[in-house]
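The structure under discussion appears below in the form of structure tokens.
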Amino acid sequence: VLFLGYRTMKGKQKLGLSALDVMEAANTHGAVDLDHLQLLELIGRGRYGTVFRGSLNERCIAVKLFSSAHRHNFCNERSIHGLPLLQHPHLAGFLGAEERAAADGRPEFLILMEFYPQGCLSGFLSHHTVDWSTCCRMTHGVTRGLAFLHTELYKGDQYKPAVAHRDVTSRNVLVRSDLSCVLADFGLSMRLTGSRPCHHGDEDTVAISEVGTVRYMAPEVLGGALNLRDCESALKQVDVYALGLLYWESFRRCSHLFPGDPVPEYQLAFQEELGNHPSFEEMQILVGKEKFRPKFPEAWKDNSLALRSLKETMEDCWDQDAEARLTAQCAEERLCDLTLLTTHSLVHNQRNRSQVRWPSPVGAASTDIE
Ligand code: ADP
Ligand code: MG
Ligand code: MG
């Protein structure tokens, strides 16, 4: 039986109440007693796993179930969740990992997680619009989670390597009841530092460069031009590209940015251009060759301070030149600044032409803002 995530008392305290509840449900050997686990309702189906709302000794949790064919993804997700110091308010809460025999006798694999009642960000935004401060808080939270994931950390004798997520999408962000957000689904994530950082000429080169969700793939991934010589930076830059698209999807549903107009229906990035199932080749042409990016709505032509700042932030995340993109840490600062702008400054101050001065990413071309 596998049980990870409770390496030290310190770590345990950081996991918060629901994690401790599950600890109580665990037997003296530290394993979760699956006899007390009930799967109640199917809540999500991804590429590799099926996710259920469940209950463990009457406590609500989420369970991601992998068939034996996807054992590899399970092991990877478990190993990432089990990294020291990974607990963070904006990363999905991990409660344990288990292996058991399915009804047909074959092994199946379970990841036990905190349950996020509002589901994924994409689902939430398709049913709800959000005001400015909520939208900033949601996107800022995801960004904080990603910045933390990307950070190498030493604390006492514990070491957290820098990790690339490699599948940043609005479906892999989950929403709490208070609408704060966490980054989830570490099935494709990869350690970038420490024991096994990636190498140029690695046998896993293809695996390193071509994963993720096609819609959110950065131009250098689509073009097979990922810079494997500096794999650590390159994979972080790929994550930030997708983060820019996630901002666009989110702020298109922000009611304050469409004063007097109906808020447009939710759309995934490039949905208007390529529909629901874009192919790798279509994405290669649109994003890689034509350098196309999601269009800003007409209502965003207004050059209020907030809109200019917001558009600039998205463009600095999805820059064609990977090295010119913001780091997740820098994006976090930008989002923090946006959060501080009052809704009053969002619109109708076209005459205010004072420029926001942000630190430019190294090597970035300066952006002209009208
Ligand atoms: P996959 O690796 O198969 O994509 P995910 O971990 O992304 O699996 O989960 C698939 C979907 O299930 C998510 O997009 C989300 O809608 C839902 N989901 C996953 N985990 C949770 C959770 N802890 N709470 C609520 N919903 C979840
Ligand atoms: Mg997923
Ligand atoms: Mg996944």
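Basis for what follows: all heavy atoms, side chains included, without hydrogens, waters or symmetry-related copies. Please read all numbers here as calculations on a predicted model, not as lab measurements. Whatever order the structure lists ligands and atoms in, that order sets their numbers, starting from 1.
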(request) Please check if any side-chain donor atom of Thr327 sits under 3.5 Å from a side-chain acceptor atom of Gln237, or the reverse. (result) no
(message) As an exercise, identify every atom of ligand 1 less than 4.0 angstrom from a heavy atom of Gly49.
(response) 3 (O)
(message) For the residue pair Gln320 / Arg293, report whether a side-chain donor-acceptor contact shorter than 3.5 Å exists.
(response) yes
(request) Could you check atom 27 (C) of ligand 1 against the protein and tell me its nearest heavy-atom contact, residue, atom and distance included? (result) Leu174 CD2, 3.8 Å
(message) One thing to verify: whether Asp185 and Lys64 come together as a salt bridge, which I'm taking to mean a side-chain N less than 4.0 angstrom from a carboxylate O.
(response) yes
(message) Tell me the protein heavy atom at minimum distance from atom 24 (N) of ligand 1, and give that distance in Å.
(response) Tyr116 N, 3.0 Å
(request) State which residue, out of His128, Glu249, Arg253, fulfils the side-chain hydrogen bond (donor to acceptor under 3.5 Å, both in side chains) condition with Tyr266. (result) Glu249
(request) Give a yes or no on whether Arg71 atom CZ has more than 12 heavy-atom contacts from other residues, nucleotides or ligands under 6.0 Å away. (result) no
(request) Check each atom of ligand 1 against the heavy atoms of Glu114 and keep those under 4.0 Å away; list them by number with element. (result) 22 (C), 23 (N)
(message) How far is atom 11 (C) of ligand 1 from the closest protein heavy atom, and which atom is that?
(response) Gly44 CA, 3.9 Å
(request) Look at the aromatic rings of Phe74 and Phe66 and report parallel, tilted or perpendicular, splitting at 30° and 60°. (result) perpendicular
(request) For the pair Arg308 and Glu315, find out whether any cationic side-chain nitrogen is under 4.0 Å from an anionic carboxylate oxygen. (result) no
(message) Below 30° counts as parallel, above 60° as perpendicular, anything between as tilted: where do the rings of Phe186 and His81 land?
(response) perpendicular
(message) So that I can check it, does any N, O or S atom in Asp185 come closer than 2.8 Å to the Mg ion (ligand 3)?
(response) yes
(request) Provide, to 0.1 Å, the distance between atom 16 (O) of ligand 1 and the closest protein heavy atom, together with that atom's residue and name. (result) Cys120 CB, 3.6 Å
(message) Is there a polar contact between ligand 1 and Asn172, counting only N or O atoms under 3.5 Å apart?
(response) yes
(request) May I ask you to identify the nearest protein heavy atom to atom 10 (C) of ligand 1, giving residue, atom name and distance to one decimal place in Å? (result) Val51 CG2, 3.9 Å
(message) For atom 4 (O) of ligand 1, what's the nearest protein heavy-atom neighbour? Residue, atom name and distance, please.
(response) Asp185 OD2, 3.0 Å
(message) Geometry only, no angles: is Arg45 polar-contacting ligand 1 at N/O separations under 3.5 Å?
(response) no
(request) Starting from atom 6 (O) of ligand 1, locate the nearest protein heavy atom and write down its residue, its atom name and how far away it is, to 0.1 Å. (result) Lys64 NZ, 2.8 Å
(request) Considering the heavy atoms of Arg171, write down every atom of ligand 1 situated less than 4.0 Å from one of them. (result) 13 (C), 14 (O)
(message) More than 12 heavy atoms of other residues, nucleotides or ligands under 6.0 Å from CG of Asp157: yes or no?
(response) no
(message) Please report whether ligand 1 has a polar contact with Met113, defined as an N or O pair separated by less than 3.5 Å (distance criterion only).
(response) no
(message) So that I can tick it off, tell me whether Lys160 and Glu152 are bridged by a salt bridge, with the cut-off set at under 4.0 angstrom between side-chain N and carboxylate O.
(response) no
(message) For Trp248 and Phe296, I'd like to know if the aromatic rings sit close, meaning centre-to-centre distance below 6.0 Å.
(response) no
(message) Quick check on contacts: which atoms of ligand 1 are under 4.0 angstrom from a heavy atom of Ala62?
(response) 22 (C), 23 (N), 24 (N)
(request) For residues Leu65 and Phe109, determine if any side-chain heavy atom of one lies less than 4.5 Å from a side-chain heavy atom of the other. (result) no
(request) Identify the protein heavy atom lying closest to atom 3 (O) of ligand 1, giving its residue, its atom name and the separation to 0.1 Å. (result) Gly46 CA, 2.9 Å
(request) For Ile43, take its heavy atoms, then give the atoms of ligand 1 lying under 4.0 Å from any of them. (result) 25 (C), 26 (N)
(message) Distance check below 2.8 Å: does Asn172 bring an N, O or S atom to the Mg ion (ligand 2)?
(response) yes
(message) At under 4.0 Å between heavy atoms, is it the side chain or the backbone of Asn73 that contacts ligand 1, or both, or neither?
(response) neither
